[in-house]
Amino acid sequence: MDSRSHTHVTAALRLCLHALLAGLLALVVVRAVGEGAADTAAVVAVTLLTAALYAAGAVRSSAVQPKGSVQPKNSARPKDPARPGISVQPGTRAGAWWLGGLWVLWAALLVLSPDALWVAFPLYFLQLHFLPMRWALPAVVVTAAAAITSFVVHRQEIEPGAFIGPLIGAAVAVATVLGYDALFRESERRRELIVELVATRADLAEAERTAGTLAERERLAREIHDTLAQGLSSIQLLLRAAERSLPENAPATPHVRAAREAAQANLAEARSFVRALTPPDLEHGSLAAALERLCARTTAPELTVRFAVSGTPVELPTPYEVALLRTAQSALANTVRHAEARRAEITLSFMDTSVALDVVDDGRGFDPSGAPVHERATGGDGGFGLPAMRARAGSLGGALSVESAPGQGTAVALTLPLPDTEGERAA
């Protein structure tokens, strides 16, 4: 709900409460003067004292609370600027003393004039506003009992209306306040939900931009590595072979050597482009360090993420590192969003002829054979689900396996064959 609407409602409720109390006090004075009772002067004096005390609290309230501010009545209720509070801070000692003074003056006015019982209705709202609910309800009951007693004492008769009027007024006041509390809490939940949705939409837009940028960088890195770099590497190898086959003093030897050196320089430049386009997590440190940082910054309620390395680490080509890192990110993101796991572990294993990445959690798991659940659990994140993992693994000659069952956790394993060392150095 718009905070400006709360401000308008607050002003309207306060004005209504001011007008109601002022009108009822004026009625007491007018009736006392019109009837010419012996205690008219006392009625006027007590009424003026009551009005003065009420006005002092209202003035102090407007001086303490800025316009549209939110002041809680007590810790058991939401911060509600629209509740008809008009005095010093609710829930404070000053507010309780102010309310107690009003009640004492009203009780004295009850003794002097039977018309003062109608002032009980605005007092109900003040008590419900300033006191915790465990004290407000007894105070409302006492106020209603005092009004009924005043009517019986002054009229010297017992009528159903003497009981029904104050009790109905008290019930209406309690129902109004409790109903408003419920409506306000609901409006606050909706407002918080809207704020969260707006923030989430902004985060999603930023995440989509970042994902698009990273995806384009990865695509360019793969294209440069698979085309230009490989082509320049082949040219360099052919020129090296041609240089070795030529006689030592052949006229073409310097030209072949110059062409080979140019191809080597351009290959180094292409590799620098590939390194510059790799994911930021791989720009500073090894793949193991990037995976360890990924585990450290992954947070979820009651989730502990650990990382381990098995075997002797070897230098991997950039496409391998990107594939392993992206698979770990995707699998761990699915664990956080869907698994409700308490533990997750990422293991990077270096073997003689392959490198493997295992992401295991103890979450609720799923049925890999159930297509709808499977797609929701792993393929609904915009391109980093199981189909994308399998495509990435297949492009490098590897394999992806998923083992899971409802209530038994999930294990995602990516295995890539290690490239030929000599061929990789040449590439």
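When reading the values below, keep in mind they use all heavy atoms of this one structure, side chains included, and skip hydrogens, waters and symmetry mates.
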### Query
Out of curiosity, Ile346 CD1 to Thr335 OG1, how far, rounded to the nearest 0.5 Å?
8.0 Å

### Query
Are the side chains of Tyr54 and Thr50 in touch, meaning some heavy atoms are under 4.5 Å apart?
no

#### Entry: Nearest-0.5 Å distance that lies between atom CG in Leu25 and atom CG in Leu109
7.0 Å

### Exercise: identify the closest heavy-atom pair between Met389 and Leu400
CB-CD2, 3.4 Å

### Message
With a 4.5 Å cut-off on side-chain heavy atoms, are Arg392 and Val322 touching?
### Response
yes

## Note on the structure
Which of Leu123, Leu128, Val177 passes side chain to side chain contact (heavy atoms under 4.5 Å, CB included) with Val140? It is Leu128

### Query
Can you tell if the side chain of Leu324 reaches within under 4.5 Å of the side chain of Leu316, non-hydrogen atoms only?
yes

### Message
Check this for me: does any side-chain nitrogen of one of Arg191 and Glu188 sit under 4.0 Å from a carboxylate oxygen of the other?
### Response
yes

### Task
State, with a plain yes or no, whether a side-chain heavy atom of Val402 is found less than 4.5 Å away from one of Arg390.
yes

### Any side-chain heavy-atom pair of Leu167 and Ile148 under 4.5 Å
yes

#### Entry: Where Thr410 and Gly365 come nearest, the two heavy atoms and their spacing
OG1-CA, 3.6 Å

### Task
May I ask you to say whether Arg189 pairs ionically with Glu192, meaning some side-chain N is under 4.0 Å from a carboxylate O?
no

### Query
Which residue, Leu291, Leu294, Asp361, Leu303, forms the side chain to side chain contact (heavy atoms under 4.5 Å, CB included) with Leu332?
Leu294

### Task
Just do the side-chain contact (heavy atoms from CB on, under 4.5 Å) check on Val44 and Thr40 with the steps written out, would you?
CA-CA 6 Å; Val44 173; Thr40 300; 4.2 Å; yes

### Query
How far apart are the closest heavy atoms of Tyr124 and Thr143, and which atoms are they?
CE2-CG2, 3.6 Å

### Task
Measure the shortest side-chain to side-chain distance between Val28 and Trp118 over non-hydrogen atoms and say whether it is less than 4.5 angstrom.
no

### Task
Could you pull out the closest heavy-atom pair between Ala323 and Leu396, with the gap in Å?
CB-CD1, 3.6 Å

### Message
Salt bridge or not between Arg306 and Glu345? Use side-chain N to carboxylate O under 4.0 Å.
### Response
no

### Summary
Residues Thr415 and Ala356: closest non-hydrogen pair is OG1-CB, 4.1 Å

### Summary
Between the CG atom in Leu126 and the CH2 atom in Trp103, the distance rounded to the nearest 0.5 Å is 14.0 Å

### Summary
One should read off an interatomic distance between Glu315 CD and Leu418 CG, to the nearest 0.5 angstrom, of 12.0 Å

### Task
Would you please test Phe125 and Leu20 for side-chain contact (heavy atoms from CB on, under 4.5 Å) and show each step?
CA-CA 11 Å; Phe125 284 100; Leu20 177 61; 5.7 Å; no

#### Entry: Inter-residue atom distance Arg326.CZ - Gln329.CD, 0.5 Å rounding
4.5 Å

### Message
Tell me whether Glu186 at atom CD has more than 12 heavy atoms from other residues, nucleotides or ligands lying less than 6.0 Å away.
### Response
yes

## Note on the structure
Between Phe307 and Cys295, the two heavy atoms sitting closest are CB-SG, 3.6 Å

### Query
For the atom pair CH2 (Trp106) and CG (Leu24), what is the distance rounded to the nearest 0.5 Å?
11.5 Å

